[in-house]
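Read the structure below first, then the notes.
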Amino acid sequence: MSLLAQPLQALIRPGDTLWWGQSTAEPLTLTRAVTAHRHALAQGGRLRVFVGIGASDTLQPEQADTIDFFGYAAGGPHRHLADAGVLDILPSHYSHLPGLIRAGVLPADVVLLQVSPPDEQGRYSLGLVHEYLPAALEQARVVIAEVNPAIPWTHGSVHLQASDFALLIDAQHPPLEQSRAAPGPAEQAIARHIAGLIQDGATLQLGIGNLPEAVLAALHGHRDLGLHSGAVGDGIAALAEAGVLTHAKKSLDTGVGIGGILMGSEKLRRWAHRNPALQLRGTDYTHDPEVLAASHQLAAINAAIEVDLTGQINAEVAAGVYVGAVGGAVDFLRGAARSRGGLPIVALPATAKGRTRIVAQLAGPVSTPRSDAGLIVTEHGVADLRGQTLSRRVRRLIDIAAPEHREDLERQAHELLRRCGAIFHQKQ
C-alpha cells in the first residue's frame, strides 16, 4: 500500500463524487493513487468520478467494480470506457456545467488538482486549466493537490493558498502532453479554406485535434489575431511568438488571450509561464453566450463526425460508438453567429475510411441542430448555410462532398427533400 493510501482514506468518503482536470491537467500522482486504492477508499460502497477528455491510461473499465464513471466526452483513451459500457454520458452543453455544479445537480465532494509551485505571494496557480474546476472548488468539501515544478504559473481568475488544501503533495510524474500528428493533405486543404475566410483582427476559438493545429499553422500571414477559446494548443504559442497573435483588436479583454485549458507540449507550457498576455478562465466565462456575442469577429472553428444534407451535425457517435461530445460547439457556434463579423465554422474531411461524412441521414445524434449550422468546410470547399433554404443547403453540401459520393447523395437528396416538403433543384 502506498504512502498516499492512508491520508486519502481519511479525506475521501464512500459515495463521494470526485473531479479533476481533464487531458493534460490530470494530476497523475493523485488519480493513480485513487484508482489503485479504490476499494479501501470506497469501504464497501462506491465512488463517482467525472470523466473529461483523456490523455492517460489511468482509468480502466475494470475499475467500474468500485467507481461509477460519468462525463461529457469519450475522447482519447477514455473511449474504451464507453466501449465497455461503463461510461455514463452527460449530453450537456459545456456552458451548463458550472451552473449544474453550483446548483448541486452535479455533486462535487472532492477536487484533485495539479498546481504550479507558489509565486512570491504564496499563490498556487491552477496551472494548465480552469474550465469547470472553479465551480467545483466552490462546492468541494475537500481539495487535494499535487505540486508539479514543470507546471507553469498562469494568470487566471482563481489562485489558491496553502491553507486551501486538505492535502498537498509533490507530484511524482511529469505533466501529460497532448501530441498531434502532422496534418495530412485533407487537413491542410481545409485549413487553407478556413484561413481564407478569417480576416485580420479576428478573435479565434478552436476545438481540439489535428485540424485546429493545421488551421493555426495556415494563419501565419495574418495580423493582430486574438484568442478566446476553451482549448489552447501549441499552435497558439507559435502564432504568438511569430507576432500574429496580439489580441490588439479584441473588443473584450484587449491585449489578453483567454483560454480554458492548455493542451499541448512543453513548448506551450514554457510560453504560458507567467505570461501576462494569457489568462485562463472558467467555463462560465469562456463559453458565456453574452461574452461570445460581444467578441469582435469571433471565428469559432469546431470539428464534427458527420453533417447531413440539411446541416444537422453529429459530433458524438461514429460507427455506433460514442467517441466525441456535445461539448462547447453549440455554445461557440451560437456566439460566433451573434458576434459582429463572426464565423460559425464546422470543419471535417469529406471522407473517413472511404465513407462519406456528408450524409443524407446521420448515423448518430443531432449534436448541433441545423438551425445553428453556419459554414461547413471540407477539403473540397466551403458551404455557407446561413440564410439558405433546405434545397439550397443540400446543393451546397453536395458540392463540398467527395466527388465519388456526390451522385449517390444526389439520388438520396430527392427523397430527403420530398419528406421535408422542399424542392431540389438539380445543378445545371
Side-chain angles (χ1 to χ4, degrees), residues 1-2 4-5 8-9 11-43 45-92 94 97 101 106-114 127-129 131-133 136 140 142-146 148 151 169 171-179 208-209 231 261-263 316-318 321-327:
M1 183 170 289
S2 74
L4 267 177
L8 288 178
Q9 193 170 353
L11 296 170
I12 298 174
R13 302 172 182 172
D16 275 350
T17 299
L18 283 64
W19 294 70
W20 58 73
Q22 63 180 333
S23 184
T24 52
E26 179 187 342
L28 278 174
T29 306
L30 292 171
T31 58
R32 290 181 175 176
V34 165
T35 55
H37 304 298
R38 62 189 183 275
H39 296 104
L41 298 176
Q43 300 177 41
R46 298 190 66 79
L47 301 174
R48 199 166 183 233
V49 168
F50 181 82
V51 174
I53 297 168
S56 79
D57 61 356
T58 302
L59 301 182
Q60 297 294 329
E62 58 266 24
Q63 296 158 3
D65 60 357
T66 308
I67 299 174
D68 295 324
F69 298 110
F70 76 105
Y72 80 96
H78 291 164
R79 176 173 175 174
H80 59 258
L81 298 178
D83 290 343
V86 298
L87 177 60
D88 201 2
I89 293 296
L90 177 68
S92 172
Y94 209 68
L97 289 179
I101 294 170
L106 299 178
D109 303 299
V110 179
V111 174
L112 308 180
L113 297 175
Q114 176 182 238
L128 301 177
V129 65
E131 295 196 303
Y132 42 77
L133 291 182
V142 172
V143 178
I144 304 171
E146 59 183 82
N148 195 320
I151 291 297
I169 66 167
Q172 301 300 314
H173 303 278
L176 290 162
E177 297 197 348
Q178 194 70 265
S179 58
I208 61 173
I261 182 171
L262 304 180
M263 299 174 66
E316 300 172 71
V317 173
V321 178
Y322 203 95
V323 298
V326 174

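- Among all heavy-atom pairs drawn from Ser23 and Leu176, the shortest one is O-CD1, 3.6 Å.
- In this structure, the separation between CG on Leu128 and CG on Leu113 is 11.5 Å, given to the nearest 0.5 Å.
- The closest side-chain heavy-atom distance from Arg32 to Asp57 is below 4.5 Å.
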Do any side-chain atoms of residues 46-55 form donor-acceptor pairs under 3.5 angstrom with protein atoms, and if so which ones, sequence neighbours left out?
| from | atom 1 | to | atom 2 | distance (Å) |
| --- | --- | --- | --- | --- |
| Arg46 | NE | Asp68 | OD1 | 2.9 |
| Arg46 | NE | Asp68 | OD2 | 3.3 |
| Arg46 | NH1 | Asp65 | O | 2.9 |
| Arg46 | NH2 | Ala64 | O | 2.6 |
| Arg46 | NH2 | Ile67 | O | 3.3 |
| Arg46 | NH2 | Asp68 | OD1 | 2.9 |

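- A distance of 4.5 Å separates CD of Glu131 from CD of Gln22, quoted to the nearest 0.5 Å.
- What you find for Phe69 and Gln60 is that their closest heavy atoms are CE1-O, 4.0 Å.
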>> For a side-chain contact (heavy atoms from CB on, under 4.5 Å) check, start with the C-alpha distance between Ile12 and Val142, then their side-chain angles and the critical distance, and finish with the verdict.
In response: CA-CA 8 Å; Ile12 298 174; Val142 172; 5.9 Å; no
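- Atom OG1 of residue Thr29 and atom CD1 of residue Ile169 lie 5.5 Å apart, to the nearest 0.5 angstrom.
- When side chains are defined from C-beta on, Val321 counts as touching Asp83, because their heavy atoms get closer than 4.5 Å.
- The CG atom of Leu11 sits 9.5 Å away from atom CZ of Arg13, with the distance rounded to the nearest 0.5 Å.
- When all heavy atoms of Ile101 and Ala108 are compared, the closest pair comes out as CG2-CB, 4.2 Å.
- Minimum heavy-atom separation, Ser56 to Glu26: OG-OE1, 2.7 Å.
- Listed for the Glu146 side chain is a donor-acceptor partner under 3.5 Å among the backbone atoms of Leu30.
- Shortest non-hydrogen contact noted between Gln43 and Pro14 is CB-CG, 3.8 Å.
- Remark: Asp109 CG to Asp16 CG distance equals 4.0 Å, nearest 0.5 Å.
- With hydrogens and angles ignored, the 3.5 Å screen pairs no side-chain donor or acceptor of His173 with any backbone N or O of Asn148.
- Without hydrogens or angle criteria, Thr58 side chain to Thr35 main chain gives no donor-acceptor distance under 3.5 Å.
- Here the options are Thr66, Leu8, Val110, the test is side-chain contact (heavy atoms from CB on, under 4.5 Å), and the partner is Leu41; only Leu8 passes.
- Within the 3.5 Å criterion, the main-chain N or O of Gln178 finds no donor-acceptor partner in the side chain of Thr24.
- Across His80 and Pro61, no two heavy atoms sit closer than the pair CD2-CD, 3.4 Å.
- For the ring-ring contact (aromatic ring centres under 6.0 Å, His included) criterion with Tyr132, the lone passing option out of Tyr72, Trp20, Trp19 is Trp19.
- How far OG1 of Thr31 is from CG of Leu59: 7.0 Å, rounded to the nearest 0.5 Å.
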